[in-house]
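Note that the structure is predicted; figures quoted are calculated from it, not measured.
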2 protein chains.
Amino acid sequence: MQPIQQANENEIATVIVIFAIKNKHLNILLVKRSAEPEDNKWALPGGTWTGEKKLQETATARLQLETGAKDVYLEQLFTISGLNNYNPKSIAVCYFALVNEKDVTLRAEKTWQPKWFNANQINSLAFKNKVVIEKALERIESKLQYSNVAYSLLPNEFTLRELQETYEAIIGKKFDRRNFRKSMISNNIIIQNGKFRKSGAYRPAALYKFISKVPTLF
Amino acid sequence: MQPIQQANENEIATVIVIFAIKNKHLNILLVKRSAEPEDNKWALPGGTWTGEKKLQETATARLQLETGAKDVYLEQLFTISGLNNYNPKSIAVCYFALVNEKDVTLRAEKTWQPKWFNANQINSLAFKNKVVIEKALERIESKLQYSNVAYSLLPNEFTLRELQETYEAIIGKKFDRRNFRKSMISNNIIIQNGKFRKSGAYRPAALYKFISKVPTLF
DNA sequence: CCAAAAGTGTTTGATTTACACCCATGA
DNA sequence: TCATGGGTGTAAATCAAACACTTTTGG
């Protein structure tokens, strides 16, 4: 969301695409605007940068305010002018963040309704937020392929199937279970934590954890 | 270079890391500041964004002003606050550009001296420009590995050796000539243009051109 | 004993790397 | 004929992709 200022002044906004996996689908958090312009439309969360903190800290603060999530992966996407039609002197510094949906408590107020939307079914949005989402989708997909950033989408312990379904939701295709396991383990992304989870009339699944929760390429 | 404004106002600057190959080395264009703060120090070229054009067009305009180069590769790097210590409300949107040194005519004025510096031997710079250069070096290196953007570093026709030396200067290691040729050709990056260049007491080299001068991944 | 998900290795093909000799030219 | 850089192919190794059966559990 881009707050509005005098149209003649530079305005620096941050905008965040917050991703989480819900029901095996990639979701994005949107908030409903409750002011003109674009009143009542859904938009990406964001805020104006005041210069008091570093730019990225403004994004982090907004993320925490909306989701309560901490220690998540946050990365700058790009900066664009002209996102907000109403102020030609505004620019938006866009970020994307990955959160574990179970750690999230949405800030729900009467005038501020955050809501998760399936990332592939988002249509009309305030401003030109669609552009931002498309770039974010590209980036998260390629990032997942050669880094461990999925750690911020998953809880502390998880089964291999849960991990694989997370990857599949984002990349949009199925993987071979044996190859997936081999690759995650041989790239030192995950390791068994020794526990198992029983959840039905079948063999319990070993639980895994991420070896590192620092962004790492492989 | 970041122009100075009232310290209480938002200032949006663009900064460009302009790369070219000179004498088989990767070089960066710097300009000497002729105003406070940081008077007399070398800095990356840049300018203030006024909101009249798109952000990227401001960077393109600055690039042309400094080098005269057109149709070059220009990509946004990232945006940072705090690059300019003197105004806490300033941000810099940073770009990197690749130009062919032979197409360049530097704008040389008494108060504005642009100069090429070996990219790996840049030390003291105005503001925190070093950070920007480091990111740019990372980016150009990885970009070169899986895209054709080298087209903007080279003239219209070139030998395989010239191309390889360009890659070696940037990536910082030597390649096998046979494998390099194979990869460039099988990835449809370059093709012979039918001409040859004689330049000494040895077999003339075939000249190549880029198949496409649109940024393409492979 | 049945249904459901978990676990596990091997083979094939594709890609990447390493490596050495002959060719064309001008002096 | 010599010195210099230009041109070329093959074998080995590594990596990625395809693929099916056995195990554990609860009901």
Can you measure [X] atom [atom1] to [N] atom [atom2] for me and round it to whole angstrom units?
X      : N      : atom1 : atom2 : result
A/F180 : C/dG9  : CZ    : P     : 19 Å
A/D176 : D/dC21 : CG    : C1'   : 14 Å
B/E165 : D/dG5  : CD    : P     : 10 Å
A/F175 : D/dA16 : CZ    : P     : 13 Å
A/R181 : D/dA16 : CZ    : P     : 19 Å
A/I185 : C/dG9  : CD1   : C1'   : 14 Å
B/K198 : D/dT4  : NZ    : C1'   : 15 Å
A/L160 : C/dT8  : CG    : P     : 9 Å

#### Entry: Of the listed nucleotides D/dG7, D/dC19, D/dT25, the one nearest the side chain of B/R203
D/dG7
### Task
Looking only at side-chain atoms of B/R161, point me to the closest of D/dG5, D/dG9, D/dA17.
D/dG5
### Task
Starting from the 5' end of DNA chain D, give me the residue, B/Y202 or B/A206, whose nearest nucleotide shows up first.
B/Y202
### Summary
Here the pair of heavy atoms bringing A/K143 nearest to A/E75 is NZ-OE1, 2.8 Å
## Note on the structure
To the nearest 0.5 Å, atom CZ of A/F175 lies from atom CE of A/M184 at 8.0 Å
### Message
Can you tell me whether the side chain of A/K182 and the base of C/dT10 have a donor-acceptor pair closer than 3.5 Å?
### Response
yes
### Query
Any donor-acceptor pair under 3.5 Å between the side chain of A/N179 and the base of D/dA18?
yes
### Message
Under 6.0 Å from the ring centre and within 45 degrees of the ring axis: does the NZ or CZ of B/K115 meet both conditions for the six-membered ring of B/F117?
### Response
yes
### Message
I'd like to know if A/E66 pairs up with A/R107 as an ion pair, taking the criterion as any Lys NZ or Arg NE/NH1/NH2 lying under 4.0 Å from an Asp or Glu carboxylate oxygen.
### Response
yes
### Query
Would one find a side-chain N or O of A/R178 under 4.0 angstrom from OP1 or OP2 of D/dC19?
no
### Query
OP1 or OP2 of C/dG7 sitting under 4.0 Å from any side-chain N/O of A/R177?
no
### Query
Would you say B/D176's side chain and B/R178's backbone share a donor-acceptor pair under 3.5 angstrom?
yes
